[in-house]
Protein chains: 2
Amino acid sequence: MSSRNLADFLSVNPAQIRKDFSYFGDFGTRGVGYNVETLIREIKKILRLNVVHKAALVGVGNLGSAVLAYPGFAVYGFDIAAVFDNNPKKIGRKVRGITIESASNLNVLKKRKINIGIITVPQDAAQETADALVRADVRGILNFSPCCITVPKKTKVITIDIGMDLARLPYYMPTG
Amino acid sequence: MSSRNLADFLSVNPAQIRKDFSYFGDFGTRGVGYNVETLIREIKKILRLNVVHKAALVGVGNLGSAVLAYPGFAVYGFDIAAVFDNNPKKIGRKVRGITIESASNLNVLKKRKINIGIITVPQDAAQETADALVRADVRGILNFSPCCITVPKKTKVITIDIGMDLARLPYYMPTG
DNA sequence: CTATGTGAATTTATTCACAGCA
DNA sequence: TGCTGTGAATAAATTCACATAG
């Protein structure tokens, strides 16, 4: 696969492809091109997706259930290994083979070496959930609440705000 | 509010703030700064968020229900005015005051002047849903399926792939 | 011959620095 | 005086173009 092929596929300049890769190493073969499997392996290594990452999901409402049902986490090597909620009726029940635990027990993540948290609780519980995750030594958080949560600098937060994503659409919609 | 204040808030350079605004007009007052309400109004106008946009949601599963429950669409002037599903058991029922209609009826969107579609159907139904939305003259699509859907150039698609968002985390998580 | 990898050239983005207005 | 708006200066990103390896 040549840089030209890849560039066409992504609608960018071939030189962009070659230069970007070159910052990380010599992945191609002159006169031949790139081996796609090698590329995937190298890119996964760069993004640290070459190992399995255990994640915990907090909040088994509609959104949490939808996230649990999401296909494609496995593709990137994610394993949702624990699920929490604060509703006594849900605690103890199983979703997708995982027993729902009490949200007041988030500290067990430390012991279980789970260091990614996914927040799918209602907006007003988002900050306290983040705080608990930080106390449990989680180092990365995927936040689905449409609010800014505050965490120490050592913790990386990625927020998905559906409203903001939708808000990008009208700009690209010509008339009306 | 000065460009310095805004810049500190966003951790960027004050000149960046001033230059970016200047591309769209003179929003500030020399010696004084910017009026925040004016800024919000102007930015909304630029992004075409100064009018109400009607949207239709297709697929009332966990994800669809979660999206419907999302607070914050109203903030940007979105109004989910129609909801569709292909499950006969769901059609006719109400969610949040809106009656679920048959997904085979998407053409009514044309008549009702709804031109944004939100796809929350299972992955294997995403493309056909997109096709139906395009036929109904929708001009913007928010796609929650982790797959590339193909649409004519006139239609703008924004895809939210939770797996990809999560995949960005490990790179920022130092050790482990 | 083909297609990479990379300095050089070019284009784009950011920041500086200051004239001009409130 | 204080802060915007903006040309000029600087920095960064993209693209060109070609020597070089297969």
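Per chain, numbering begins at 1; letters A, B, ... match sequence-line order.
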Q | Pairs touching residues 16-46 of chain A that satisfy ring pair (Phe, Tyr, Trp, His ring centres under 6.0 Å), sequence neighbours left out | A | Phe21(A)-Tyr34(A)
Q) salt bridge (charged side-chain N to carboxylate O under 4.0 Å, His left out): which pairs involve residues 99-120 of chain A, sequence neighbours left out? A) Glu101(A)-Arg112(A)
Q: Return the residues of residues 31-40 of chain B meeting this criterion: a heavy atom under 4.0 Å from some atom of DNA chain D. Order them by number, or give none.
A: Gly31(B), Val32(B), Gly33(B), Tyr34(B)
**Q.** side-chain contact (heavy atoms from CB on, under 4.5 Å) involving Arg168(A) - partner list, sequence neighbours excluded
**A.** Asp165(A), Ile158(B)
Q. Just to confirm, is there a sub-4.0 Å distance from OP1 or OP2 of dT4(C) to any side-chain nitrogen or oxygen of Ser3(A)?
A. yes
Q. For Arg30(B) and dC3(D), what is the distance between atoms CZ and P respectively, to the nearest whole Å?
A. 14 Å
(Q) Using whole Å, what does the distance between atom P of nucleotide dG5(C) and atom CZ of Phe21(A) come to? (A) 10 Å
Q) Reading nucleotides 12-17 of chain D 5' to 3', which nucleotides get B (base under 4.0 Å from a protein heavy atom), which S (sugar-phosphate only), which -? A) --SBBB
**Q.** Set of residues satisfying side-chain contact (heavy atoms from CB on, under 4.5 Å) with respect to Pro14(A), sequence neighbours excluded
**A.** Ser3(A), Arg4(A), Ala7(A), Arg18(A)
**Q.** With sequence neighbours excluded, residues passing side-chain contact (heavy atoms from CB on, under 4.5 Å) with Glu128(B)
**A.** Ala125(B)
Q) What is the distance from CZ of Arg4(B) to C1' of dA17(C), rounded to the nearest Å? A) 14 Å
Q) Quick one: side-chain contact (heavy atoms from CB on, under 4.5 Å) partners of Arg30(B), sequence neighbours excluded? A) none
Q) Tell me, which pairs form a ring pair (Phe, Tyr, Trp, His ring centres under 6.0 Å) where one or both residues lie in residues 78-129 of chain B, sequence neighbours left out? A) His53(B)-Phe78(B)
Q. Is a side-chain donor-acceptor pair under 3.5 Å present for Ser102(A) with Asn105(A)?
A. no
